[in-house]
Amino acid sequence: MTESIHQTPAQEPAGYDPAAIERKWQDRWEERGTNHTDLAAGARPFYALMMFPYPSAEGLHVGNLFAFTGNDIYGRFQRLQGHTVFEPLGFDAFGIHSENFALKVGTHPADLIPRNIDNFRRQLKRAGLMVDWRHELSTTDPAYYKWTQWLFLQLYKRGLAYKRRAAVNWCPNDKTVLANEQVIAGECERCGAKVEQRFLEQWFFRITDYAGRLLDNLSWLDWSESTKQAQRNWIGRSDGAEVAFRVQDLEEFTGTATIASGASGEFVSEPLDIRVFTTRPDTIFGATYLVLAPEHPLVDAVTTDEQREAIAEYKRASAAQDLVSRKVSKEKTGVFTGSFAVNPATGHPIPIWIADYVLMEYGTGAIMAVPGHDERDFEFAKLFDLPIVRVVAGPSTQPADSSPVLDEPFLETDNVRLMNSGEFNGLGVMTAKQRIVDWLAQHGHARGVVNYRLHDWCISRQRYWGPPIPIIYCEKCGTVPVPESDLPVELPYVEDFKPDDTGTSPLARVESWYRVTCPSCGGVGRRETDVSDTFLDSAWYFLRYPSTDYDDVPFDRELTKRWLPVNSYIGGNEHAVLHLLYSRFITMVLHDAGQVGFEEPYRKFRAHGMIIREGAKMSKSRGNVVNPDEYVDRWGADTFRTYLMFLGPYEEGGDFRDQSIAGVRRFLDRLWSSVIEATTSGSPDPLVVRKLHQTIRKVSDDVPALSYNTAIAAMMECINVIRRGERTAHRAEVEPLVQLIAPFAPHVAEELWERLGHRESVFDAGWPVFDPALAAEDLATIVVQVNGKMRGTVQVPSGSGQDVALEAAMADSGIAKFAVGTPKKVIFVPGRLLNIVV
RNA sequence: GCCCGGGUGGCGAAACGGGUAGACGCGAGGGACUUAAAAUCCCUUUCCCGCAAGGGAGUCCCAGUUCGAGUCUGGGCCCGGGCACCA
């Protein structure tokens, strides 16, 4: 006879109505403030951050929910472990995406975004996240972007924001500048249009000043390895040398009459050097020509009269080409300038060419070409019949390995030695690099340098939907930053926000807005009409969450000290370089400015995987997009959450399959029934208690490792044992299981917890204590191998030694028949395996 | 081309620092309970040979290390993602 702890309606045997209990608990959490974090008083603060979403009109994507659920489980688990957990959420609502959508549907983004946010918040609340909504923020809120502008001013004050005319990627469709990061294979990452080259005055942040630190800190950050690797590649450190090649018979007339250098009226001239960057100074004896980028400032100076026309024509052609097709096309083109420079190693004159395979934005915009040992240079040399000199010999003594004639560039660097390199012949590559740079340095021809691939961050956007850059141009004073007391520079509500082809923002058409008086002299001023990149909005949002109640500071010092850096950050790897790098940079700047006491914003970062469907990325065009609402309606949020976490390893993602959800729902149904029907009479079965404690251990280990799928599997196993043979659970067998499931299925856990007679939230009830004694097995199953082949298993008391196991094994005829004769060797792994070698 | 992931049943996936490959779930087949269904519970489900007991093979491929390899080493193939004329 089982004694039911609680009466359930006779008509409703299962009694589990997810819709009803989820509504009930969401309401109750709100009434009781269950998810509110006491930021000032909480013991052991734990900041569980997730990447905030862009509130699209389509609503929440399963990918969002997958990400947030994973973070929520982690956060709830930390809370159950006794931390005061802060789990805020906000919206990254500025940017081209919203603006384009608004244009498409003919709505103003200022009207559209709040609606989208309302819809998102509704969907997110249904998912049962432990979010403290009192700290919600939106980057489009003037109370927020006031501080984004403040941030710009901090960088400006520190000389880290500057304006320059630069070749930029221009999307002719979106009519805006794109960061290099937003150009994918020459096309706009957003609309796919072919990106063009334009020259515009742009604001930049000097992130390159921080390249070394951004790279070095990666060595100690507790981040997903894949993310760190992506950042390393992006920063792209190259160790090499800068080498000066003196241009022959050409001197630069400085045109300065100076007393210091001699008789007055004398014109001083200096020899003209072309500086190149190379990572292979060891091959300098094989440098047979130089190549300058077409935009290189010295091109005109080195061009001879005979070549002037050809050079000018080539420069015109490459300027007309967009940055993209220039990079996409690998066909070599180029023109000889007519001049020669001296190779400082050989003393020989070598021709100077210009070619667009050399990029002005990398290194010095000039290279020494070593066709024998570089693919591109080889191709170019073949095409224009330039000399190819071999200076690195292969590892063997075969004649072919040191043949001066090469059919293809020789790129090997391991186990090779120099040849044709004077006193350096015979040296290995690494040694030669050092020795040659030292030798050249002694004569003032070279110095070792570190070069980064990373470029300064262009933050100007010629668009409407963003925070205006807080700068005023005054006719008298020039560039004047908006005083902090005048912030925010509010984005005006403009009916016509459509971008045009002028290369300026739509704000440049709003004279009433941009016409201002100069804050410095009171004269005529004009506002900067560009807005800043959305990545600036998201580069500091984590600092704002704890301080959303403060209007006078971007982030309160005490709260920041208490809650930051972020303990755990979870997000998609699509932001591995951009957002994560920019927010690290901004944090470092704030650290250097004395605003925060740490230079890395996220102690721990984990990238979650991606949810695909039927093996393909979800997309509207494929028609395989999952709308979370439907699934929550049909199965309940608890089932949906748990299912998302069960379909694969969290850090890898998985394949969404409708069929499998039923299995997770069945699991929750069975848990429900077992708890509702649980008895208090008698005592729990020790075998079940053992399984329970093994489960407590497994879940406690798996959740912090984000191994959610295996944690769920373990709980399923546990419930299978509890219910084996239609047995009725004892209350003590299921009560801890309710606590274990709570991070995954919070509503049903609360309901069951309440029905078990508890008054407080299950999230304030702590975590079940694991007892190793209760989890221990009395018998160990030992696998018995003979010569490494599995021949059977034997049961021995736990902790048995080799002798006991061997005796048991030999007593088994099925095993003994293979193990004939005296064993040559016996391998014993306690509690696991016995291998008899005969 | 370079840098990250990853290749395991019909399917999604497990497997602690080498130690019973396929836990858990889906799907499929059979059974118990039921007037019936749902739910629940029990059994089977990598492949091959065999009535069975049992035996053999098996984690993308080829070598190697080891008493023992999904796991480690070398080489190769395939898939996903990122970067790419970066000197």
Side-chain angles (χ1 to χ4, degrees), chain A residues 13-14 181 184-185 224-230 232-234 236 238 240 276-280 283 291 326-332 355-359 361-370 374-377 379-380 411 451-455 573-574 576-577 607 609-610 612 615 617 643 646-649 651-664 666-667 669-670 673 701 707 709-718 720 723-727 781-793 814 823-829 831-838:
Chain A
E181 294 87 328
I184 309 296
S224 297
E225 198 46 49
S226 59
T227 311
K228 293 210 272 188
Q229 200 52 43
R232 283 191 195 105
N233 292 344
W234 191 261
S238 288
V276 306
F277 174 73
T278 178
T279 54
R280 294 291 306 274
T283 62
V291 187
R326 172 170 162 181
K327 287 187 180 180
V328 166
S329 159
K330 308 257 170 174
E331 263 166 53
K332 298 287 175 290
D356 66 4
Y357 82 92
V358 174
L359 310 172
E361 69 262 23
Y362 185 77
T364 60
I367 62 155
M368 64 175 208
V370 184
D374 181 280
E375 273 180 355
R376 297 149 301 177
D377 298 345
E379 197 190 329
F380 193 83
L411 306 172
N451 194 60
Y452 294 98
R453 203 197 75 115
L454 185 69
H455 294 113
N573 233 350
E574 66 273 17
V577 282
M610 200 171 54
I612 55 171
K617 212 166 169 169
Y643 169 65
F646 185 61
L647 52 65
E651 292 179 77
E652 284 168 36
D655 204 348
F656 189 97
R657 290 162 74 250
D658 293 28
Q659 278 183 323
S660 310
I661 300 177
V664 172
R666 274 203 275 274
F667 161 61
D669 284 346
R670 279 148 29 95
S673 302
D701 288 348
S707 190
N709 55 335
T710 53
I712 294 164
M715 290 186 280
M716 285 172 167
E717 277 186 60
C718 188
N720 288 346
R723 295 175 66 83
R724 180 168 296 161
E726 296 195 294
R727 71 185 285 281
T781 305
I782 305 283
V783 172
V784 182
Q785 298 182 335
V786 178
N787 292 335
K789 239 184 192 349
M790 221 280 262
R791 293 301 180 185
T793 59
K824 278 191 234 151
K825 193 174 173 185
V826 175
I827 287 118
F828 180 65
V829 182
R832 281 202 169 272
L833 171 132
L834 183 75
N835 188 6
I836 304 162
V837 185
V838 292

Are OP1 or OP2 of rG1(B) and a side-chain N or O of Arg376(A) less than 4.0 angstrom apart?
no

For Leu411(A) and rA87(B), what is the distance between atoms CG and P respectively, to the nearest whole Å?
13 Å

Please measure how far the P atom in rU66(B) lies from the corresponding atom in rC4(B), and state the result in whole Å.
29 Å

Any side-chain N or O of Asn573(A) less than 4.0 Å from the OP1 or OP2 oxygen of rG5(B)?
no

Polar pair under 3.5 Å, donor/acceptor by atom type, side chain Lys824(A), base rC67(B)
no

Ignoring hydrogens and geometry beyond distance, is a side-chain donor-acceptor pair present between Asn233(A) and Arg453(A) at under 3.5 Å?
no

Ignoring hydrogens and geometry beyond distance, is the side chain of Glu652(A) in donor-acceptor contact with the base of rG6(B) at under 3.5 Å?
no

Pick the nucleotide of RNA chain B nearest each of Met790(A) and Tyr362(A); which residue has the one closer to the 5' end?
Met790(A)

Using Watson-Crick or G-U wobble geometry with both distances below 3.5 Å, tell me the partner of rG1(B), or none.
rC83(B)

Contact under 4.0 Å: Lys789(A) side-chain N or O vs rG58(B) OP1/OP2
no

Can you check the Ile612(A) CD1 to rA13(B) P distance for me, whole Å?
8 Å

Minimum heavy-atom distance between Asn835(A) and Asn787(A), given as atom pair plus value
OD1-N, 3.5 Å

When only distance counts, do a donor and an acceptor, one from the side chain of Arg832(A) and one from the base of rC16(B), lie under 3.5 Å apart?
yes

Just the rounded figure in Å: distance from P of rA87(B) to CE of Met368(A).
13 Å

Where does rG58(B) land, syn or anti, given syn is within 90° of 0?
anti

What's the CD1-P distance between Ile712(A) and rA23(B), to the nearest Å?
18 Å

If only side-chain N and O atoms of Arg666(A) are considered, is one of them under 4.0 Å from the OP1 or OP2 phosphate oxygen of rC26(B)?
yes

Between Asn573(A) and Ser224(A), a side-chain donor and acceptor under 3.5 Å
no

How many Å lie between CZ on Phe380(A) and P on rA87(B), as a whole number?
18 Å

Phe380(A) six-ring centre to Lys332(A) NZ/CZ under 6.0 Å and within 45° of normal:
no

Compare side-chain N and O positions of Ser238(A) against OP1 and OP2 of rA87(B) and report whether any pair is under 4.0 Å apart.
yes

Please determine, by modelled atom types, if Arg280(A) and Thr283(A) share a side-chain donor-acceptor pair under 3.5 angstrom.
no

Where do Val291(A) and Ala369(A) come nearest, in terms of heavy atoms and distance?
CG2-CB, 4.4 Å

When you compare rG12(B) with rG7(B), how far apart are their P atoms, in angstrom units rounded to a whole number?
12 Å

For rA32(B), which nucleotide in any strand shown is its Watson-Crick or wobble partner with both distances under 3.5 Å?
rU40(B)

Do any side-chain nitrogens or oxygens of Arg232(A) fall under 4.0 Å of OP1 or OP2 in rC83(B)?
no

What distance, rounded to whole Å, do you find between the two C1' atoms, one in rG1(B) and one in rA13(B)?
34 Å

Side-chain N,O (Arg723(A)) to OP1/OP2 (rU40(B)) below 4.0 Å
no

Between Arg453(A) and Arg724(A), which residue's closest nucleotide on RNA chain B lies nearer the 5′ terminus?
Arg724(A)

Distance, rounded to the nearest Å, where His455(A) contributes NE2 and rA84(B) contributes C1'
13 Å

Taking rU65(B) as the reference, what is the distance to rA15(B) when you measure between their P atoms (whole Å, please)?
29 Å

